2 protein chains.
Amino acid sequence: MQPHKRVMGSRANAKDEAMVKRTSFEGDSCPVARALEAIGDWWSLLIIREALSGQRRFGEFQSKLGMAKNILAARLRALVDHGILATAPASDGSAYQEYVLTPKGRGTFPILVALRQWSEEFDNHPEEIATILVDRKKGRPVRKLELRADDGRLLTQADTTLKLRPAPRRRSA
Amino acid sequence: MQPHKRVMGSRANAKDEAMVKRTSFEGDSCPVARALEAIGDWWSLLIIREALSGQRRFGEFQSKLGMAKNILAARLRALVDHGILATAPASDGSAYQEYVLTPKGRGTFPILVALRQWSEEFDNHPEEIATILVDRKKGRPVRKLELRADDGRLLTQADTTLKLRPAPRRRSA
DNA sequence: TTGTGTGGTTGCATTATAAAACCATAGGCC
DNA sequence: GGCCTATGGTTTTATAATGCAACCACACAA
């Protein structure tokens, strides 16, 4: 008989609501956390990346990314729920469905660019990176993303601060 | 005698090398995947975010983020291994250690800005976002991140393409 | 009607994450 | 020094997520 050292919940019978659950950032007030809630897992951004490069079919994502079909299905569902992808009834005639990016989905483009440029600049083996993002018209590499002030000055992290958002000021109703 | 808790490996005899493991993007040639390999999990970017806003101590991260100490420890170790954080021997006199951002760590700033701006633009409840990123000098909100061509033209996703990186052209030895 | 490809779901093993208990030092206090 | 507490973790245990393979449903073709 072990000294069952741990009383645990002691909630021997009740509802058993000690759910551990992978903490959600849904109600968090930090916009970074809120973004990660939607696309902060291992696969979502890669799916979006494929979608941005033109893939739309389940099988296309699956073969390009080499991921398990069940997680792909789960991720696609989550992305649709988050309004990042939408299901379109067809496109090539066949009665299958497709997954296309919504404006919200296409809006992730700067995130992907930022990730790419971070790898290009700091990766330990940048020579293993196969692709370059180029301006379509000239074919030349793009510049680094620029953060500018209202008046156009180029900003670094040190030039910025976080400020509390002013209260929404509700009308007295 | 404990019921030897878990068969675990059970590597009874043969190969048993069917390890499932959470697929790694380490060797992937896509820079986005390579970035996600380092900071693509649930907590790393939030830890980096706290570090960028000045936190350095284990307890500070733990209390600000409200995460379990064991995962915080694991994440900090991983971030140090990836060269994003470094441990500094002290700073306030006490013999404890601190975690400070390396240049590679500070280089993630555009990623965080991109995530923030994506939330600001597309979140379903943007009124719940508490903070605004402002220019420190003027106190006014910053502009959206800008992607520009070599010659300064502002680019959208549709104006860009991926090109294969030219071979490194090794000298004949 | 059988076959095949696409687009999934289900079952099971393994891994990661979470929460809480535990532990090892460091520093302060007497 | 001996005791206390705070800090900074590690260990233990439980639950959720992931990965793989097998299975299944339907569309379409022969």
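Just so we're on the same page: letters track the sequence lines, and every chain starts at 1. The structure displayed is predicted, hence computed values, not measured ones.
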Within this structure, what is the [atom1]-to-[atom2] distance between [X] and [N], rounded to whole angstrom?
X	N	atom1	atom2	value
A/Asp41	C/dA16	CG	C1'	14 Å
B/Leu72	C/dA20	CG	C1'	16 Å
B/Ile71	D/dA17	CD1	C1'	13 Å
A/Met67	C/dG7	CE	P	15 Å
A/Leu65	D/dC20	CG	C1'	17 Å
A/Ile47	D/dT18	CD1	P	11 Å
A/Arg56	C/dT6	CZ	P	18 Å

Candidate pair B/Arg116 and B/Glu120, rule salt bridge (charged side-chain N to carboxylate O under 4.0 Å, His left out), full reasoning: CA-CA 6 Å; B/Arg116 162 179 286 276; B/Glu120 288 170 351; 3.5 Å; yes
Rounded distance (nearest 0.5 Å) linking atom CG of B/Leu154 with atom CG of B/Asp159: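 B/Leu154 CG to B/Asp159 CG: 8.5 Å, rounded to 0.5 Å.
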Nearest-0.5 Å distance, CZ of residue B/Arg75 to CG of residue B/Leu46: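 Here the rounded value is 11.5 Å.
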Pull out every protein N or O sitting under 3.5 Å from an N or O of nucleotides 4-10 of chain D, one pair per line with the distance.
unit_1	atom_1	unit_2	atom_2	d
D/dG8	OP1	B/Arg57	NE	2.6
D/dG8	OP1	B/Arg57	NH2	2.8
D/dG8	OP2	B/Gly59	N	3.2
D/dG9	OP2	B/Tyr99	OH	2.9
D/dG9	N7	B/Lys69	NZ	2.7
D/dG9	O6	B/Lys69	NZ	2.6
D/dT10	OP2	B/Arg77	NH2	2.9

Presence of A/Thr23 side-chain N/O under 4.0 Å of C/dT17 phosphate oxygens OP1/OP2: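 No.
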D/dT18 OP1/OP2 closer than 4.0 Å to side-chain N/O of A/Arg75: yes
More than 12 heavy atoms from other groups under 6.0 Å of CD on A/Glu26: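 Result for CD/A/Glu26: open.
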Enclosure of B/Arg153 CZ (heavy-atom neighbours >12, cutoff 6.0 Å): yes
A/Arg165 versus A/Ser29, side-chain donor and acceptor atoms under 3.5 Å: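 On atom types as modelled, these side chains do not qualify, holding no pair under 3.5 Å.
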